[in-house]
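In what follows, a single structure is set out as structure tokens and then discussed.
Proteins come first, then strands; the chains are lettered A, B, ... in the order of their sequence lines, and each starts at number 1.
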Amino acid sequence: MDMSVNLVIVESPAKAKTIEKFLGKDFKVISSFGHIRDLSKKNIGIDVENGFKPEYIIPDDKKKVVNELKKEAARASQVWLASDEDREGEAIAWHLVQVLNLPPEKTKRIVFHEITKEAIEQAVSSPRGINISLVDAQQARRVLDRLVGFQISPILWKKVPLALSAGRVQSVALRLIVEREREIIAFKPVSSFRITGEFIIDADREKGAIIKAEASKKFNREEDAKEFLQLCADASFNIADITVKPGTRFPAPPFTTSTLQQEAYRKLGFSVAQTMSVAQRLYEGGMITYMRTDSTNLSQLAINTAAGIIKKEYGDNYSRPRQYRTRSKGAQEAHEAIRPAYMAKKIIQGNQQEKKLYDLIWKRTAASQMSDAKIEKTNITIGVSNSDTPFIAQAEVIKFDGFLKVYRESSDANGENGYETVIPPVKKGMNLEYDKITAQEKYTSPAPRYTEASLVKKMEELGIGRPSTYAPVISTIQNRGYVAREDRPGESRPVNIMILSGGRIKASVKTEKSGFEKSKLFPKDIGIIVNDFLVEHFSNIFDYHFTANIEVQFDKIAEGEKEWVTMLDEFYGPFHKKVSSTLKEAERKTGARVIGTEPDTGEPVYAKMGRYGPVIQIGDASEDKKPRFASLRKGQLIETIGMEEALELFKLPRKLGEHEGEEMLVGMGRFGPYVKHKNNFYSLKSKDDPYSITHERAVELIEEKKEADKKKEIKRFGDILVLNGRYGPYISYEKQNYKIPRGTDPESLSQEDCMNIIKKNSGSGKKK
DNA sequence: CAGTGAGCGAGCTTCCGCTTGACTT
């Protein structure tokens with residue numbers, strides 16, 4: 001009857017389920033769902049005067065879990081704390097001891113890095129106590145982040161209109177995007193001429209085999225390129241040299257959160273949030289290991305299983321078991337790499353996204369355990385008789401594909417690598433003739449804008465953020481309105497081309513697109529102003545190396561070499577002084593910039609941050625005069641907008657004349673151009689131009705919209721409308737929408753039914 | 001949903017990391 005009851009607490013319910021299977025009947029395994037306590041939000045949750053004493057509370061959404069944990073702990077004779085073996089995991093265990101009132105004799109701390117029977121049994125047989133130094137390092141981290149976030153954000157509210165938040169991680173992510181944008185704005189493309197030739201082997205003339213090669217030098221000036229082509233017209237060509245070098249390609253290590261997000265973006269087009277939510281489902285379904293990890297480590301069992309499968313599928317020579325070392329900064333390595341739970345399962349059940357992501361994980365894991373690829377690089381130098389600039393042909397041949405059989409990592413750089421895979425057989429000294437030699441103008445391009453995925457990569461390199469926060473941080477800076485993911489159509493520019501063929505040079509001009517962008521991160525005005533304010537006043541904290549530097553301090557605390565309160569004291573002294581002085585002295589920042597003067601009136605034209613967003617202001621306010629304002633459009637920046645564009649903004653709203661006794665106005669709104677009439681808005685179609693739209697066309701748009709609205713209407717009782725919407729029928733009343741309960745025929749609703757639905761739903765409905 | 005734009009004052013917001021649901025007007 002009185003058998004021993006063991007309670008094991010882990011962080012995730014999916015993990016609990018798996019572990020319970022290994023431990024048998026005497027063990028009950030439950031989950032804490034991550035942290036169970038956090039700092040109170042009142043008075044920033046820290047008693048700064050009193051050794052930074054944290055005030056911990058149990059958040060509302062954790063109360064249920066904590067009660068459950070308390071109940072189970074009371075029933076157990078032994079509690080095993082099995083949270084992750086890193087700073088955060090140790091802190092979770094410590095909070096559990098505090099909150100559940102666990103006596104030492106009944107509490108054991110265990111850790112395991114992989115979820116296998118052996119690893120878990122091994123962990124249970126070697127318990128330890130809580131490592132309080134590690135807990136202190138976590139507390140220092142937590143308190144520092146709260147101090148930075150909760151003392152700097154309020155400064156922003158006061159000093160920068162529309163600013164909302166600052167933090168150790170989000171503000172550096174923002175800075176990366178702003179500084180990249182400035183690099184791009186300042187970038188001046190330079191063009192040069194790249195010369196490529198197609199050559200025919202004299203002896204092989206009938207076969208028509210062609211060697212493509214590029215001149216070893218680029219020409220900055222068009223005249224020089226032309227001169228070179230003229231030389232080529234009279235030159236003879238021969239194979240001057242051939243070198244063949246063996247090379248090796250190595251597989252990429254298994255996935256971490258960061259590399260999974262990058263590859264899923266590049267290969268599958270998933271956003272980082274999308275990748276995480278699909279991975280979460282795979283994890284909960286027991287199909288992959290944990291998806292928030294910075295470790296490239298694989299369990300021995302996984303390595304062995306993979307080896308067996310690779311040998312069977314591809315042959316013994318394709319197998320090469322290996323363990324990868326984790327290289328990223330600040331890695332805590334509490335988990336394995338992201339891999340299939342069962343390598344034997346090559347395909348899984350699930351939706352398309354799940355299947356695709358699983359397939360990617362399977363291939364990456366398999367490839368990491370496969371042989372290197374063997375390649376052969378051939379360099380052929382083609383001599384030009386009357387010039388010392390030769391042509392070079394490069395070829396790369398895969399001699400043994402190895403891991404490339406299943407997986408090849410994508411790269412962020414777009415564009416070809418210039419390698420041919422096939423080259424006709426040639427010998428040194430052979431004579432060649434040109435078929436065609438082309439000089440094409442090529443422009444240099446600036447560093448690329450960040451995608452969500454490449455930003456995560458950069459953050460990981462800098463050691464800011466953790467696997468669990470990459471996706472949320474990227475959402476945060478977008479939700480705050482600091483940056484936006486946008487497309488840009490790009491601009492056309494002319495490119496000069498000269499082609500030498502049959503002894504004659506023909507020049508032509510083509511156009512190419514530059515600056516085309518798809519789903520890139522662009523800073524918005526408010527993001528730029530916030531960033532400049534933060535960098536101006538808190539350059540040391542929003543420095544790219546700040547996190548790396550304090551991580552060294554946290555490590556010292558974890559090693560017991562430093563007191564966490566001492567560390568915070570050293571940080572807080574100068575920090576708080578800076579907070580106070582900034583609050584007192586810093587100027588309000590609106591990013592104001594003088595563009596010039598309006599030609600007609602001679603009044604000054606400014607771009608600046610207004611109360612509701614970025615605006616152009618013409619003229620200054622005085623007793624008898626009001627300045628004129630116009631909002632900037634999407635894609636325009638305070639920093640770069642020019643006079644012509646600025647004045648264009650004042651051409652709208654434009655009066656179109658009267659219709660049914662009231663003025664029609666055409667304007668530009670958040671959702672594009674519109675016609676306003678009797679306080680209703682009518683969107684222009686894409687073929688309509690707000691600057692030239694006619695009275696007649698505007699009336700047409702109004703009538704069309706009225707007609708469409710009539711079709712939407714099912715019923716009407718005074719100002720209660722029953723309408724057909726995108727998500728099915730709904731009730732519209734006083735600018736609020738109400739869902740009609742499932743199974744109700746909207747035709748059958750009476751006025752009283754509608755009122756009931758409205759009353760029932762208006763209590764819970766919160767306005768945003 | 002889209003017209004605003006000076007200044008004042010009240011009451012509000014905010015961080016990072018650990019984990020999943022509950023939401024789908």
Side-chain angles (χ1 to χ4, degrees), chain A residues 10-16 31-39 41 44-46 59 61-62 64-65 83-84 86-92 95 138 141-157 161 163-171 277 280-281 283-284 290 292 332 334 464-470 472-473 476 480 547 590 608-617 621-622 626-631 652-653 665 667-676 679-683 725-728 730-732 735-740 761 764-768:
Chain A
V10 296
E11 288 175 46
S12 124
K15 196 170 175 180
S31 157
S32 75
F33 292 82
H35 275 295
I36 55 161
R37 287 205 297 190
D38 192 14
L39 295 174
K41 289 197 177 189
I44 77 171
I46 303 159
D61 60 338
K62 284 290 161 71
K64 212 176 125 195
V65 192
S83 46
D84 297 341
D86 58 9
R87 221 156 54 194
E88 300 296 329
E90 203 68 17
I92 288 172
H95 282 298
Q138 192 274 346
R141 198 280 305 158
R142 181 70 192 88
V143 167
L144 184 134
D145 280 337
R146 173 55 69 83
L147 289 170
V148 169
F150 275 41
Q151 295 204 350
I152 297 183
S153 295
I155 302 180
L156 285 179
W157 304 338
L164 295 169
S165 65
R168 174 179 56 87
V169 174
Q170 59 166 277
S171 299
S277 97
Q280 174 88 29
R281 289 202 298 274
Y283 169 67
E284 284 169 4
Y290 196 58
R292 291 187 274 263
Q332 304 237 345
I464 63 162
R466 303 278 313 131
S468 65
T469 59
Y470 294 137
V473 164
T476 299
R480 299 274 176 268
T547 292
T590 61
K608 66 172 206 183
M609 203 63 189
R611 235 206 300 182
Y612 306 102
V615 292
I616 298 292
Q617 176 182 338
S622 66
K626 267 190 179 168
R628 287 167 287 153
F629 293 95
S631 294
L652 294 177
L665 275 179
M668 197 71 174
R670 252 213 300 162
F671 304 99
Y674 63 88
V675 173
K676 199 184 99 175
N679 260 328
N680 287 316
F681 292 88
Y682 306 90
S683 289
R726 241 197 320 159
Y727 307 98
Y730 66 99
I731 296 169
S732 169
K735 300 217 164 182
Q736 287 268 25
N737 295 336
Y738 303 89
K739 195 173 69 165
I740 292 169
N761 289 297
S764 63
K766 271 184 213 159
K767 264 202 196 175
K768 255 203 161 176

Could you check how far [atom1] of [X] sits from [atom2] of [N], rounded to whole Å?
X	N	atom1	atom2	answer
I92(A)	dT19(B)	CD1	C1'	8 Å
H95(A)	dT19(B)	NE2	P	15 Å
K15(A)	dC18(B)	NZ	P	13 Å
Y283(A)	dG21(B)	OH	C1'	15 Å

Item to check | Closest listed nucleotide, where the reference is the side chain of E284(A) and the choices are dG5(B), dA2(B), dT20(B) | outcome: dT20(B)
Checklist entry - Looking at dT19(B), dA2(B), dG5(B), which one has an atom nearest to any side-chain atom of S683(A)? => result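 Closest nucleotide to the S683(A) side chain: dA2(B).
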Please list, chain by chain and in numerical order, all residues satisfying side chain to side chain contact (heavy atoms under 4.5 Å, CB included) with [X], sequence neighbours excluded.
X	value
Q280(A)	E284(A), M291(A), R292(A)
P472(A)	none
S83(A)	E11(A), I92(A), A93(A), R109(A)

Item to check | Sequence-aligned protein contact record of nucleotides 7-17 of chain B, with B where the base is within under 4.0 Å of a protein heavy atom and S where only the sugar-phosphate is | outcome: B-----BBBBB
So, using salt bridge (Lys or Arg N to Asp or Glu O under 4.0 Å) as the criterion, who are the partners of [X] when residues are at least two apart?
X	value
D145(A)	R141(A), R168(A)
R281(A)	E354(A)
R142(A)	D38(A)
K15(A)	D84(A)

Taking only the side-chain nitrogens and oxygens of [X], find out if one of them lies under 4.0 Å from OP1 or OP2 of [N].
X	N	answer
S631(A)	dT4(B)	no
Y290(A)	dT19(B)	yes
R628(A)	dT4(B)	no
Q617(A)	dG5(B)	no

Checklist entry - Can you tell me if K62(A) uses its side chain to pair, donor with acceptor, with the backbone of H35(A) under 3.5 Å? => result yes
Item to check | Expected output: side-chain S153(A) to main-chain G149(A) donor-acceptor under 3.5 Å | outcome: yes
Next on the checklist: For DNA chain B, report each stem as range with range, ordered by first number, or say none. Use Watson-Crick or G-U wobble pairs under 3.5 Å, at least 3 in a row.
Outcome noted: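 DNA chain B stems: none present.
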Next on the checklist: If you assign K626(A) and I36(A) each to the DNA chain B nucleotide with the nearest heavy atom, which residue ends up on the more 5' nucleotide?
Outcome noted: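 The residue closer to the strand's 5' end, by nearest nucleotide, is K626(A).
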Checklist entry - Contact class for G45(A) vs. all strands (heavy atom < 4.0 Å): base, sugar-phosphate, or nothing? => result nothing
Item to check | Sugar-phosphate only, base, or nothing, as touched by Y470(A) at under 4.0 Å among non-hydrogen atoms | outcome: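 Nothing: the residue Y470(A), judged by heavy atoms under 4.0 Å, touches no strand.
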